[in-house]
Each structure stands twice: as C-alpha cells, then as structure tokens.
Amino acid sequence: PAAPWETNSDSAAGDAAMSGNEGPHSADARFARIDEMPDEMFYGMPRLVTHIDDEACSALAAYYDRILKDDDRILDLMSSCVSHLPDMLMPAHVTGHGMNATELDANPQLDTHFIQNLNRTPRLPYDGDAFDACLIAVSIQYLIDPVAVFTDVARVLKTGGVVAVSFSNRMFPTKAIAAWREGDDRAHCNLVESYLREAGGFGAIAIEDISPHPGQSDPLFVVSGKVA
C-alpha cells in the first residue's frame, strides 16, 4: 500500500488552504511549497515502500512493457527502492537517480545510481544521446523547475527516445508544489503535458489513463513524449 504519511490531492488542497502560506496564484507561486527547507533534510530518512498500491504498480509495469525494449539504456529519474520495470525486460543498462542512497541501494533493478538534487541542479551528469528512455514514476509533483529538468532530459535522450512521467493522487503534501496540491487528476495531466511542450524537443506527446480499477485502486496516469 501507499505510505501512510502520504495523502491525496483532495486533502492536500484543504491543508494548503488552511495554512495561509500560499501567495497569489502567479507563475512563481505555482511552484511554492509548504516546506521550503533543504530537500536533503526531508529525503534523508529512507522510505523503503512503494508509493502506489499493488494494482497500480502492476499497471505501471505493464505500461513499461509496452514502451520499453530489450537492450534499452534506461534512466530512472527520481527513483527509489523500486523501478516497476517488467520482470522479463532485458535492458542494456538501468541508471537510477534519487535523493537517498539507501533506497537506491535496495533497488535490484538498477545497475548504477547517483544522488542529485534536481531542484538545485537540473542539469544531468551525462553527455547527449546517452539513453533510450527516461522514466519518472510518482515523483513529478516535487520539481520546482520541471521545464529545466525536461529540457535536459531531451538533451540526454537519443533521437526517438521516450520520456514517460507517471503519477497518481498521492503525495508528500508539504513538498509538493502548490499547483499540484490545488489540482485534480485532469489538472495534473495538463500540467505535466505543459512541462514537455515548454521544454521543447519532444513530439508525440500523449496522456493516458492507465488506472487499473477506477474507484477501487489508486488512479494512475502517464504523460509521455518522444525526442523529435
């Protein structure tokens, strides 16, 4: 099950409204967070859990089975102790990124990993055309400069490479940006789509609802694009 300290979008919106910490809903205010302390402090405690329920985890693995190929070089951005890759996939290499070494060490699907605070340093430590696919699973709500991150994702992906951003309605509300806390599922889809379009370099941008059992399990959505 999802971690007990996470909440969904509806309750988070109420918390934000009661906090009184949000300013006018301007372009900058959309990326404000309730907790602006250094991310290294918040993510310093390992959380060796999945952040969506088992049915949603299976749906994500099935989606990856459709878009990934054997021998792909995969960048699992904002990863943790699980990458949700299908068991039968045989990638050439899987590079994980995150904020907690213990979580990444516990992930059996990673070949290598690195620690980097993307909110401070959005440029990735790789040459261009390094990966066939970039995956971001249930973490997009924590980026405060997502367009800068996706601009660099487009740089490190090969031509035709795919980016797939999956998300549910679960979050750490104090670290999620205001636009995420205040939005519903449709707003989240539109927001992530806007990141890819503004970043440039991506075509064939698509939104998919891959929720396994609507109303019974965690909802799950994917926004994807391909490097043109």
Side-chain angles (χ1 to χ4, degrees), residues 39-40 42-52 57 60-167 175 192 195-196 199-202 204-205 220 222-228:
D39 292 335
E40 288 82 357
F42 182 83
Y43 297 108
M45 180 185 72
R47 297 173 173 90
L48 302 177
V49 297
T50 60
H51 298 279
I52 47 179
C57 288
L60 185 55
Y63 172 81
Y64 286 161
D65 193 45
R66 286 197 282 123
I67 68 164
L68 300 174
K69 307 182 300 297
D70 289 347
D71 298 321
D72 274 351
R73 298 186 67 84
I74 298 170
L75 174 60
D76 186 11
L77 212 58
M78 306 180 77
S79 186
S80 64
C81 61
V82 59
S83 289
H84 306 286
L85 299 177
D87 292 336
M88 299 303 291
L89 184 70
M90 300 293 290
H93 194 273
V94 182
T95 300
H97 154 268
M99 290 288 288
N100 187 283
T102 300
E103 292 178 9
L104 298 175
D105 285 339
N107 187 331
Q109 295 185 308
L110 301 181
D111 295 302
T112 58
H113 61 74
F114 68 102
I115 306 293
Q116 181 174 318
N117 185 345
L118 296 177
N119 286 333
R120 181 178 297 124
T121 308
R123 185 173 177 85
L124 299 167
Y126 297 101
D127 294 333
D129 303 324
F131 298 98
D132 299 288
C134 176
L135 314 175
I136 301 178
V138 295
S139 299
I140 187 63
Q141 59 268 30
Y142 307 120
L143 288 179
I144 62 174
D145 194 356
V147 173
V149 172
F150 284 116
T151 298
D152 211 51
V153 167
R155 180 186 65 83
V156 302
L157 283 175
K158 300 174 184 178
T159 300
V162 63
V163 60
V165 185
S166 59
F167 46 90
K175 279 298 185 183
V192 177
Y195 295 162
L196 296 186
F202 295 105
I205 297 173
L220 193 62
V222 180
V223 178
S224 64
K226 291 186 176 181
V227 174

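Since the structure is predicted, the reported quantities are computational estimates derived from the model, not experimental observations. Numbering starts at 1 and runs along the sequence shown.
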Interatomic distance, CD@Gln109 vs CD1@Ile74, rounded to 0.5 Å, equals 9.0 Å

Check the pair Asp76, His113 against side chain to side chain donor-acceptor pair (under 3.5 Å), reporting the backbone distance first and the verdict last.
CA-CA 9 Å; Asp76 186 11; His113 61 74; over 6 Å; no

What one should report as the nearest heavy-atom pair of Ser166 and Ala137 is OG-CA, 3.2 Å

In short, Met88 meets Asp70 closest at the heavy-atom pair O-OD1, 4.2 Å

Value for SG (Cys57) from NE2 (His84), rounded to nearest 0.5 Å, stands at 4.5 Å

Do Val149 and Asp145 have side chains that get closer than 4.5 Å, going by heavy atoms? no

When every non-hydrogen atom of Thr121 is compared with those of Gln116, the smallest separation belongs to O-NE2, 2.6 Å

Sorted by chain and residue number, the side-chain hydrogen bond (donor to acceptor under 3.5 Å, both in side chains) partners of Asn117 (sequence neighbours excluded) come out as Glu40

- prompt: Given side chains that start at C-beta, do those of Asn107 and Val94 come closer than 4.5 Å, heavy atoms only?
  reply: no

| said: Are Leu135 and Tyr63 packed together at the side-chain level, in the sense that at least one heavy-atom pair is separated by less than 4.5 angstrom? | reply: no

inquiry  = Between Phe150 and Ile140, is there a side-chain heavy-atom distance shorter than 4.5 Å?
reply    = yes

Practice prompt. Might you confirm whether atom NZ of Lys226 has over 12 heavy atoms from other residues, nucleotides or ligands at distances under 6.0 Å?
Written response: no

Rounding to 0.5 Å, atoms OG1 (Thr112) and NE2 (His93) come to a distance of 3.5 Å

Sub-4.5 Å side-chain heavy-atom contact between Tyr126 and Asp152: no

Heavy atoms of Ser83 and Tyr64 approach each other most closely as O-CE1, 3.5 Å

One should read off an interatomic distance between Leu143 CG and Asn119 CG, to the nearest 0.5 angstrom, of 5.5 Å

Between the CG atom in Leu124 and the CG atom in Leu118, the distance rounded to the nearest 0.5 Å is 6.5 Å

Query raised in the report: Does some side-chain heavy atom of Ser79 sit less than 4.5 Å from a side-chain heavy atom of Leu104?
Result: yes

Can you tell me if CG on Asp127 sees more than 12 non-hydrogen neighbours from other groups inside 6.0 Å? no

Closest non-hydrogen atoms of Gly225 and Leu196, given as atom of the first, atom of the second and distance, are N-CD1, 4.2 Å

With sequence neighbours left out, the residues meeting ring pair (Phe, Tyr, Trp, His ring centres under 6.0 Å) with His97 are Phe114

So CG of Leu89 and CG of Asp72: to nearest 0.5 Å the spacing works out to 7.0 Å

Closest heavy-atom pair, Phe202 versus Val163, reported as atoms and distance to 0.1 Å, is CE2-CG1, 3.5 Å

